[in-house]
Structure formats: C-alpha cells, structure tokens
Protein chains: 2
Amino acid sequence: MTRASSRRPGPPTRTERGIPEATVARLPVYLRALTALSDNGIATASSEDLATAAGVNSAKLRKDLSYLGSYGTRGVGYDVEYLRYQIAREIGVTQDWAVVIVGIGNLGHALANYSGFGTRGFRIVALLDADPDLVGERIGDMEVRDFAQLEEIVETDRVSIGVITTPAGPAQEVCDRLVAAGVTSILNFAPVVLSVPDGVDIRKVDLSIELQILAYHEQRKSGEAALPQVPELPAMNGLTDLPSVGGGVGA
Amino acid sequence: MTRASSRRPGPPTRTERGIPEATVARLPVYLRALTALSDNGIATASSEDLATAAGVNSAKLRKDLSYLGSYGTRGVGYDVEYLRYQIAREIGVTQDWAVVIVGIGNLGHALANYSGFGTRGFRIVALLDADPDLVGERIGDMEVRDFAQLEEIVETDRVSIGVITTPAGPAQEVCDRLVAAGVTSILNFAPVVLSVPDGVDIRKVDLSIELQILAYHEQRKSGEAALPQVPELPAMNGLTDLPSVGGGVGA
DNA sequence: TAGATTGTTAATCGATTAACAATC
DNA sequence: TAGATTGTTAATCGATTAACAATC
C-alpha cells in the first residue's frame, strides 16, 4: 500500500480525506450488510442492527461511519438506502472500474466466471494470457486475448485495476508490464512479494498463507498444555543438519 | 478469530504462548522467503536480507522473530535452514493438516487443482458438494463426494480445516455442519459473515472486498484535488429516493 | 580488536472500545 | 417529555519503528 501524498507535520488533520485504513477495509462489509438489509425490505437500521449484520461491534461501526459524515439520526438510526449510497460513493463503486485479469489458469478461469466479481462497480474488460494455446478460448462471453495486447487494452478501456493470477514465476514481470501500461492498482494472487513504485496500490490474496495462519491456531488447540514447544535451545553452532521440513514449504 | 484462553490480568505475560496476531500473519511470509533463499543455495541471511525478501523492514522482522526465540547469531545473521525449520514448526506445518473443500463450483474446482494449496503442511482429503450432478466427477486424482458424507470423513481423516467455496446462500449452513462435525478452523470464500462458536477460528477471503479497497484508493488518485466530495449534506429528512447504486453491491 | 548484526527497549503511532453528552 | 440512539471523547490496547547495548 503506497500512498504518495503531501502530509504536513503537526496534529493529524482529520477531514482532509483521511479515513483510517482499518475503516476503509470495513466499508465494503458495511455496504454488503446494507444491501442485504435493503433486499429484505428493511428501511431503517440502528448501529446495533448494522453492526450485527456486519459482524463487528456497534461502537466500531459508529466510529467508522463518523469518518464519512453524519448520516444517521439520533434516536432513530440510519436510513438504509441513504447510507448505502453514501458508502458506495465513498468507496467509489458508484462508478465502474475497468479490470483486466492476467493469467487464465484454474484460478483466473474461476475469477473470470465468478459472479461476485461482477459486483456492481467493476467491469472485466479483458482476460489475458501469454500462452498461445489459451488465446482465443472463450470463457463466458469473453475471449482470452494475448498478453501482448495489454498496453493497447489498458489505454483503450482506461483500465486502472489489474488482477494477477499467474504462477509466482512471471508475476513480477507481469506486474511491471501492468504498471508501465498505466495500471495503478493491483490485486495479486501469485505467491510472491511484488514490488511496485510509489503511487501504485497492491493487495495480496494468498491461499497458503491463510491456511498457515489457521494451522498456527489449530496447533495451539489440539496440544494445549501438551506442547510447551520451543524447548529453549542453545544457540546453534553452525549446525545445519536439522530434521528437514520435507523439501520446501511455500509455493 | 476466537480464542478461548485463560488470561489473568496484569502486565502482558509474554512467553506464555503469546505471539501477536500481526506477527503470526507474517510468519508464513518469512517462511516463504526463507524457502526461496534456501532454493537459491543461500545458507545465511541477515535480518536485512530476509526483510527485503519478505517485503517488510528489518526492525519489524527482528521483533517478530524475537517472539519465537533467539535463532540468530549477532554479527552473523540467521542460518536459513535452521530458521526455516523453527518457523515451520512454530506455524505447525511440520505436520500435515487434513482439509476438506466444500462447494465445487468454479472456485472450489480451482482450489482443488491449485498447487499452492498443496503447500507442504496441508492435505486435501475430500472435495464435497451437495449437487448430485457433481458428485462422482473427477478432479485431478480426487473424486467429488457427497456433502452428506461430511461427518464420516471428518472423523475418519481427522479433518480440522474446512474451506467453504459455496455461494453465499448455503454458506452458514455448511459452516454449521462443519463445526458440528468437529472442524475447528474455517477458511471462507463465500461473501457472507459467518458466525461460529468460541474455539472455532475463521478467516475470510473476499474478492470483491479487495477490489473495493483498491477502488477506494484509486478514486482518490484520479480525482485528487478535483473531488472535495462528501459535500456537507443537510441531515436527511426521510428522503429515500436517492440515485440508486444500481441494484445491489455485494454478491 | 574492529566490524557486523542481533535482540530488546522505549517512543510513537494507529485501532479499538466504553461511556456519555447531544439530540432526535 | 421520556426513550432511543447517534456522534464523539478519552482511555486502552496493540503494532510499528528507531535506536542501541549486547555480543558474535
């Protein structure tokens, strides 16, 4: 997450487009909760209702919403449609963002079809792959196009978001091409740390990392008192021959 | 993330199996970086080297590693293999965790094939779906089985991790079944907030939320000074007829 | 010994939460 | 007016970071 902005020193001047990252990450959750309430014909909701629907506590929700403005009514609650629109506008999904997906393997294929992706606010304008065997294949109502056409597509369709679903190997190169072509937001599914220049935002979705975090907690359940673990080892003395993990964790 | 633990009050008694969540979330990243270094034949690395490979700063990396113990050598750095094993053990991927995937649509299908999933430490023991048309289908060397067999499979294979790749609708019910069957960690790809009892850990991967977070920042790039936005609206007065977002954001 | 680098301390920053005055 | 609920304040908690003493 890289942000090139002019921040003068001094007390944090809130209001100057300063919504905390943690709050930004929850706005889409609130948006979804509001949509669900709206679909159920609910016109008004209290912070408590909304918080329950979003899976957070109400204090946090009210604090989060307070960064956007005063959209509620004391003693009453929030108008669902009104708040939904305000949040959608704040996030920026009242307009449509053009997206390209690069790497049409299993995952890219799945994302191309994924309806949740078709969430209002985003439009997949191209599926790209460098493999000639894939180019031309139809997926839904789209056709896989040659990665070589990237620059042209980004310019024509004013693409600002790129999704990388290639293997780890080519991911950095793909990323560089995307950035050079003018893409300024990247969602990375490849299991590598990508580096991007300032001004380009990058987010990462990583399957095996999520599983490993679960494993960590899982380990601490089964064992409980049974595993005091980390048996206060003496400093290693050049010893490198340790029980092997088995060849290579990580993808 | 629910943790049922006995925490006495007083100063934070570190060492009592208390690795901060933020650190836990980075351990898999370090593990992957170490594996990459190891694959490149690098035997020793400084915190600076490692931090670069992991995409963090070296102070944070050293602080994180300090929660695990003293695995480095002052003046020298870290033995790559040794540290890799220690982190793998701490995370719990020196053993194998049995995983079931529920919901074999596009995404479940992709995950079933996803090699990154096959990361050492995890073993997919079943692909489950309730749709009779899918049951029996072969995916790689596995066959889709009936969701009705869940309980049996969880018991037989001692499954502790469940991955939910169903649509939003059935996700909570699937989750309840998983929990009732004895699964205590869940990775949820369905765009809903799942509720689970204490003692069950849940993590969420949400495509459209990631895209929306990117959109938020993207919006603040293009516009910059051009969008003072949030035009200090008067409190709404029951007005519900606002420009529609278009039907429903969120899946 | 001199140089390098860890492990830890302490300062700072950001996020969460409870509580309540403002106000519908 | 009495009851409900927001928006905000202030306290607390956790995470990040710089700096450096310890030590190889």
Side-chain angles (χ1 to χ4, degrees), chain A residues 1 3 7 9-15 18-27 29-30 44-52 54-80 82-83 86 230 232-239, chain B residues 1 3 7 9-15 18-27 29-30 44-52 54-80 82-83 86 230 232-239:
Chain A
M1 202 93 311
R3 208 96 283 299
R7 277 220 151 273
T13 338
R14 189 56 71 216
T15 308
I19 298 184
E21 264 306 305
T23 296
V24 169
R26 281 187 297 264
L27 292 181
V29 180
Y30 301 155
T44 305
S46 68
S47 62
E48 195 58 46
D49 297 337
L50 249 173
T52 302
V56 302
N57 73 48
S58 64
K60 188 187 283 181
L61 178 126
R62 285 198 302 279
K63 189 109 200 14
D64 283 342
L65 294 187
S66 77
Y67 292 118
L68 311 193
S70 288
Y71 295 141
T73 307
R74 290 170 204 247
V76 177
Y78 300 89
D79 180 286
V80 170
Y82 181 70
L83 183 57
Q86 294 301 337
V230 188
E232 209 55 58
L233 284 179
M236 52 150 190
N237 291 314
L239 71 167
Chain B
M1 202 95 308
R3 207 94 288 296
R7 276 218 150 276
T13 337
R14 190 55 72 218
T15 308
I19 298 184
E21 264 305 305
T23 297
V24 169
R26 282 187 295 266
L27 292 181
V29 179
Y30 301 154
T44 303
S46 67
S47 61
E48 195 59 44
D49 297 337
L50 249 173
T52 301
V56 301
N57 73 48
S58 65
K60 187 187 283 182
L61 180 127
R62 285 199 303 279
K63 188 104 199 11
D64 283 341
L65 294 186
S66 77
Y67 292 117
L68 312 192
S70 288
Y71 295 141
T73 307
R74 289 169 204 248
V76 177
Y78 300 90
D79 180 287
V80 170
Y82 181 70
L83 183 58
Q86 294 302 337
V230 190
E232 210 54 59
L233 285 180
M236 51 147 191
N237 292 313
L239 72 167

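All heavy atoms count here, side chains included; hydrogens, waters and symmetry mates do not. Each chain gets a letter, A, B and so on, in the order its sequence line appears, and its residues count up from 1.
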* To do: Calculate the interatomic distance between A/Tyr71 atom OH and D/dG7 atom P; express it in whole Å.
  => 11 Å

* Just wondering, do B/Val56 and B/Asp64 contact through their side chains at under 4.5 Å, heavy atoms? -> no

* Asked: Which base, if any, makes a Watson-Crick or G-U wobble pair with D/dT23, both distances under 3.5 Å?
  -> C/dA4

* Asked: Between C/dT16 atom P and A/Asn57 atom CG, what is the distance in whole Å?
  -> 9 Å

* Structure fact -> dist B/Leu50:CG -> B/Tyr30:OH (nearest 0.5 Å) comes out at 9.0 Å

* Structure fact -> With the side chain defined as heavy atoms from C-beta on, A/Thr73 is closest, among D/dA18, C/dT6, C/dC24, to C/dC24

* Asked: Which base sits across from D/dA15 as a Watson-Crick or G-U pair, both distances under 3.5 Å?
  -> C/dT12

* Structure fact -> 5'-most contact on DNA chain D (nearest-nucleotide basis), A/Val76 vs A/Ala59, goes to A/Val76

* Check the distance between C/dT9's C1' and B/Tyr67's OH and give it to me in whole angstrom. => 12 Å

* **Validation row: B/Leu65, B/Leu83 side chains within 4.5 angstrom (heavy atoms)** => yes

* Round to the nearest Å and state the distance from A/Arg74 atom CZ to D/dT8 atom P. => 7 Å

* Asked: Separation of A/Asp49 atom CG from D/dA4 atom P, in whole Å?
  -> 14 Å

* From the list D/dG7, C/dA10, D/dA15, which nucleotide is the closest neighbour of the side chain of B/Glu21? -> D/dA15

* Write down the distance between NZ (B/Lys63) and C1' (D/dC20), rounded to a whole number of angstrom. => 15 Å

* Atom NZ of B/Lys60 to atom C1' of C/dT6: distance rounded to whole Å? -> 19 Å

* **Pair A/Asp49, A/Ser46: side-chain N/O donor-acceptor within cut-off below 3.5 Å** => yes

* To do: Report yes if a side-chain nitrogen or oxygen of A/Ser47 is closer than 4.0 Å to either non-bridging phosphate oxygen (OP1 or OP2) of D/dT6; otherwise report no.
  => yes

* Asked: Any side-chain N or O of B/Arg62 under 4.0 Å from OP1/OP2 of D/dA22?
  -> no

* **Rounded distance (Å) that lies between atom P of D/dT6 and atom CG of A/Leu83** => 11 Å

* Structure fact -> For A/Ala51 and A/Asn57, the nearest pair of non-hydrogen atoms, with its separation, is CB-C, 3.7 Å

* Does OP1 or OP2 of C/dC24 have a side-chain N or O of A/Tyr78 closer than 4.0 Å? -> no

* Structure fact -> The residue, A/Gly75 or B/Leu65, whose nearest nucleotide of DNA chain C is more 5′ is B/Leu65

